[in-house]
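Okay, so here's the structure we're looking at.
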Amino acid sequence: MALLFACTGISPEPWVASIGAALPDLEIRVWPDYGDAEDIEYALLWGSLAAEMGRFPSLRAVLSFGAGVDHILNTPGRPQHVPVVRLVDPAFQAGMAEYVLYNVLRFHRQFDVYEDQQRRGLWVDHAQRTPASRRIGIMGMGILGSACAASLVALGFDVAGWSRSPKSIAGVSGFHGKDELTPFLARSEILVCLLPLTAETEEILDRDAFAALPPGGYLINAGRGRHVVDADLLAALDSGQLGGAALDVFRTEPLPKDHVFWTHPKISITPHIAALVNEESATATIVDTIRRLRDGRPLLNVADPARGY
Ligand code: NDP
Ligand code: OXD
């Protein structure tokens, strides 16, 4: 039986080497050279190949190569009976916390304004607020959102989180469900999106959401590009309702060269790098999942297709 590496845009060699070193008896095949389809028992998947998984009759689990599983669950034609396992790489939490802290501090301390002033040769200072007076809102209080919240609380920020179910997290004001979205947004001067992409969260960051934020608020989006209605974001930035946006994820990735986001003065862009997979820790997680399947032990971090994440 074999593992299929089916991750588009990711070089297979290091992963075949590291997983192979930990599981020397596991045969690893690389898409599209999967050989006899009946041999494929596990698939490591990233990108647009979820519908192809239907051709493997012995498939026991699909392992997402990312924390997000929208690329699998939202694909019609994927084998519905096969469990989908999220990649919960411990390195993601640290990486995402760094990305969020960097961007929160950039907006909080107005470094975006000072960068612009430098370009214009302006020597002007602006009032400095305390972290305790700055209200940060995190949409999505899961593994990544709660790690970011803890880092922001440690710096003294006034942090709130919004999730589907109620949460009680030290130092974080909890909001949950649709009814509490507007009051949550109304107190979020810097809004961080770390939601999974589901039918309920797609295009959640629209005109109404931006209008609900305090005027001059900021958006940091490291969830998915499809959380945002791009035209509404541009309108909110251009009207001044939003003071700036840091975007790591986009509807189309790579972001097309002629996309207006690239040159917008209030948008900063990173190429889906907020939290990158770490080869060592991600390999350990992938290997653990395969060992659990082999030993008949319960799987961890299985996505729930009904919830969509
Ligand atoms: P989790 O599944 O651990 O957490 C998801 C959170 O979102 C939970 O708190 C959940 O609520 C909440 N949520 C889901 N649906 C809703 C809803 N309809 N209304 C309110 N809250 C909702 O995910 P992770 O923290 O591991 O990852 C989050 C996302 O981050 C990924 O799906 C991916 O899109 C993105 N990501 C981006 C990366 C990057 O580099 N840019 C890297 C890794 C991930 P509840 O707690 O009640 O279930
Ligand atoms: C993601 C990831 O889900 O990079 O975005 O893991």
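First listed ligand is number 1; within each ligand, the first listed atom is number 1.
Contact of the Phe184 side chain with the His176 side chain is not registered, since no non-hydrogen atoms from C-beta on lie closer than 4.5 Å. Looking at heavy atoms from C-beta onward, Phe261 lies in side-chain contact with Ile269 at the 4.5 angstrom threshold. In this structure the side chain of His108 never reaches within 4.5 angstrom of the side chain of Ile136, judged on heavy atoms.
In this structure, Phe250 has its ring center at least 6.0 angstrom away from the ring center of His272.
At a heavy-atom cutoff of 4.0 Å, ligand 1 is surrounded by Ala67, Gly68, Arg86, Met96, Gly140, Met141, Gly142, Ile143, Leu144, Trp162, Ser163, Arg164, Ser165, Lys167, Leu194, Leu195, Pro196, Glu200, Thr201, Ala222, Gly223, Arg224, Asp248, Val249, His272, Ala274, Ala275, Arg307, Tyr309.
Taken together through direct or relayed side-chain contacts under 4.5 Å among Ile, Leu, Val, Met, Phe, Trp and Tyr, Val287 and Phe92 form part of one hydrophobic cluster. Met53 and Phe5 are not part of a single hydrophobic cluster, where members link through side-chain heavy atoms under 4.5 Å apart.
Heavy-atom contacts of Gly68 reach the following atoms of ligand 2: 1 (C), 3 (O) (cutoff under 4.0 Å). Close contacts between ligand 2 and Arg224 involve ligand atoms 1 (C), 3 (O), 5 (O) [criterion: under 4.0 Å to a heavy atom].
Closest to atom 6 (O) of ligand 2 among all protein heavy atoms lies Ala67 N, 2.9 Å.
Between Asp39 and Arg29 a salt bridge is recorded (basic side-chain N to carboxylate O distance below 4.0 Å).
Paired with Ile28 under the rule side chain to side chain contact (heavy atoms under 4.5 Å, CB included), one option of Val16, Leu23, Leu44 passes, and it is Val16.
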Applying side chain to side chain donor-acceptor pair (under 3.5 Å), run through Thr198 and Glu200 and close with a yes or a no. CA-CA 5 Å; Thr198 68; Glu200 284 180 17; 5.4 Å; no
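Considering backbone and side-chain N/O of Phe92, none are found under 3.5 Å from N/O of ligand 2. For ligand 2, one of its N or O atoms has an N or O atom of His272 under 3.5 Å away. Residue Gly66 has no nitrogen or oxygen atom sitting less than 3.5 Å from a nitrogen or oxygen atom of ligand 2, judged on distance alone.
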